[in-house]
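Reminder, nothing fancy here: chain letters follow the sequence lines and each chain counts from 1.
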2 protein chains.
Amino acid sequence: MVRIRRAKAKSQEKESEVNTIKSQQILQGAIQVFLAHGYAGASMDKVAVAAGVSKATVYSHFQDKEGLFKALVQKMTQQRFKSVFGDQPLKGEPKIVLSKLLSAGLEKMTEDSEYLAFKRMVIGESGRFPELAQACVIYMIKPVFEAISQYLTSHPELNLPDPEATSRIIMGALVHYVMVQEMLHGSDILPMEKERLINGLIDLILK
Amino acid sequence: MVRIRRAKAKSQEKESEVNTIKSQQILQGAIQVFLAHGYAGASMDKVAVAAGVSKATVYSHFQDKEGLFKALVQKMTQQRFKSVFGDQPLKGEPKIVLSKLLSAGLEKMTEDSEYLAFKRMVIGESGRFPELAQACVIYMIKPVFEAISQYLTSHPELNLPDPEATSRIIMGALVHYVMVQEMLHGSDILPMEKERLINGLIDLILK
DNA sequence: GTCTATATGGCGATAGAC
DNA sequence: GTCTATCGCCATATAGAC
């Protein structure tokens, strides 16, 4: 896993070519393979086939397997945030805004199987690739946390003693629900309608 | 990954020998290796070395790599539940009981690095081993959910319209907190004291 | 730049000695 | 039952032709 590099290795890619069509084509193939098999289970042969190029071409665009993996994760983390949260500024009456926001978020997370596979992989590899896990926190989790916190803080009529803690609770409830129902395949074992979770949350907040 | 078995393969182990000292010794070595490297990254050679036996001995106790992995996960899921939840029947004044329960649970989860590694692995492999993920739901998540639900339900003075949803919210807040701070190494990026989360939760519930 | 072909090594699994 | 030795395969990574 950890490997010696020539001194002064240039971050992880060949820099000048990161955004060529071929590079994107390879990354696209790599996404399929890594999401399906995980880091260790993904082979550079499969990536090459999925991308429609030869294995040597993969190595000419990315330094090695680890570099390809890191480029892949960084790319996905950044392109994910846009879709999870619309660019809505979060304004309006709390009960309605929260209700819409939470159900939209839940729907997005449960429907999007690529998102599920991505989260699985990042969590699974978070012990061996801590920087990638942190990138996920910075680019996906933190922005959502800050948006919700800001909204809650700007509504003092909610009487929340700690809006940031509340924001964490909201995110936790949603993400954990998706984790149990979808990622861990628990929907038959511990069934619960999405609406119950959302209403339960809103009740607690507005009560 | 999926492999053909002789017809009538006996579940996954050699049954009569599951609880021999050698089997436990092998499982102990396997735990170290699988938790450190994940399923695909773990090799039977490493397991044999970690267990202090030869590779052939590993194969004489477990049918193959997949069988060993499944035995390992089942063993860990079951031995975990005891420790996460003391056998306390959850009685007493809500504010105190909840406060103690939540902080004890958080402490256990954040401190126990083996628990973190185990969750990482189960989630990471949940796409390729759905039955193992479900075992985790049945033996670890469901009992906790039911204990909390039962406690909340038995305290109608809390005025909770949906104690089961509330139970989910509590678990979600705690588990997600641990996931962000510890598993994803986010404690420097999104810092928050445990007490703030717990107090935030209790405020919402008792409010 | 991209290919085919290959080197080098580790992997899962088993045979056969004891 | 447990070991050592080995088989056959697939992995990462690169050399060299075009």
Side-chain angles (χ1 to χ4, degrees), chain A residues 1-6 9-10 12-30 32-34 36-72 125 128-129, chain B residues 1-6 9-10 12-30 32-34 36-72 125 128-129:
Chain A
M1 188 81 73
V2 178
R3 216 174 301 276
I4 297 159
R5 300 273 164 75
R6 316 160 215 155
K10 301 180 184 174
Q12 31 225 14
E13 305 133 48
K14 311 236 161 156
E15 305 230 356
S16 54
E17 306 184 6
V18 179
N19 281 324
T20 59
I21 297 169
K22 265 273 158 57
S23 294
Q24 294 303 313
Q25 182 183 338
I26 293 170
L27 277 176
Q28 207 53 44
Q32 296 177 235
V33 176
F34 278 89
H37 300 96
Y39 177 78
S43 76
M44 297 298 263
D45 290 84
K46 287 181 196 140
V47 170
V49 171
V53 299
S54 77
K55 193 163 57 164
T57 301
V58 176
Y59 277 97
S60 87
H61 285 259
F62 299 91
Q63 189 182 333
D64 56 12
K65 186 180 178 181
E66 206 171 304
L68 174 60
F69 181 62
K70 290 181 180 176
L72 183 169
E125 304 298 339
R128 289 171 290 272
F129 295 95
Chain B
M1 187 80 72
V2 178
R3 219 174 298 275
I4 297 159
R5 300 271 164 76
R6 319 160 213 153
K10 300 179 185 173
Q12 29 225 15
E13 306 133 47
K14 312 234 160 157
E15 307 230 355
S16 53
E17 306 185 6
V18 178
N19 283 324
T20 59
I21 296 168
K22 265 274 157 58
S23 294
Q24 293 303 313
Q25 181 184 337
I26 293 169
L27 277 176
Q28 207 53 44
Q32 296 178 235
V33 176
F34 278 88
H37 301 95
Y39 178 77
S43 77
M44 298 298 264
D45 290 83
K46 287 181 197 141
V47 170
V49 171
V53 298
S54 77
K55 193 162 57 162
T57 301
V58 176
Y59 277 97
S60 86
H61 285 259
F62 299 91
Q63 190 181 335
D64 55 13
K65 185 180 177 180
E66 207 171 305
L68 173 61
F69 181 61
K70 290 181 180 175
L72 183 168
E125 304 297 340
R128 291 172 288 272
F129 295 94

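Rounding to the nearest 0.5 Å gives a distance of 12.0 Å between OH of B:Tyr59 and CD1 of B:Ile26. For the atom pair NZ of B:Lys46 and CD of B:Gln32, the computed distance is 13.0 Å after rounding to the nearest 0.5 Å. Taken from OG1 in B:Thr57 to NZ in B:Lys55, the straight-line distance is 12.0 Å, to the nearest 0.5 Å. One finds the CD atom of A:Gln28 at 9.0 Å from the CG atom of A:Leu72 (value rounded to the nearest 0.5 Å).
Remark: B:Lys65 is positioned above the aromatic ring of B:Tyr39, its terminal NZ or CZ atom under 6.0 angstrom from the ring centre and at most 45 degrees off the axis.
Per the geometry, CG belonging to A:Asp45 stands 16 Å off P belonging to D:dC9, to the nearest Å. If you measure from atom NE2 of B:His61 to atom P of C:dA13, you get 17 Å, rounded to the nearest angstrom. What separates CD of A:Gln63 from C1' of D:dT14 is a distance of 14 Å, to the nearest Å. The nearest whole Å value for the distance from the CZ atom in A:Phe69 to the P atom in D:dT12 is 13 Å. Rounded to an integer number of Å, the gap from B:Met44 CE to D:dC10 C1' is 17 Å. Taking atom NZ of residue B:Lys55 and atom P of nucleotide C:dG10, one finds them 12 Å apart after rounding to whole Å. For A:Tyr39 and D:dT12, the OH to C1' distance is 10 Å, given to the nearest whole Å. The OH atom of B:Tyr59 sits 15 Å away from the P atom of D:dC3 (whole-angstrom rounding).
Using a 4.0 Å cut-off, some side-chain N or O of B:Ser43 falls inside it from OP1 or OP2 of C:dC11. At D:dT2, none of the side-chain N or O atoms of B:Thr57 fall inside 4.0 Å of OP1 or OP2 (strictly under the cut-off).
Judged by atom type and distance alone, A:Lys22 does not reach the base of C:dG1 through any side-chain donor-acceptor pair under 3.5 Å.
The residue among B:Ser54 and A:Gly41 whose nearest nucleotide of DNA chain D lies closer to the 5′ end is B:Ser54. With DNA chain C read from its 5' end, the first of the two nearest nucleotides for B:Lys65 and B:Ala56 is the one closest to B:Lys65.
As judged by a 4.0 angstrom heavy-atom cut-off over every strand, B:Ala42 is placed among residues touching the sugar-phosphate backbone only.
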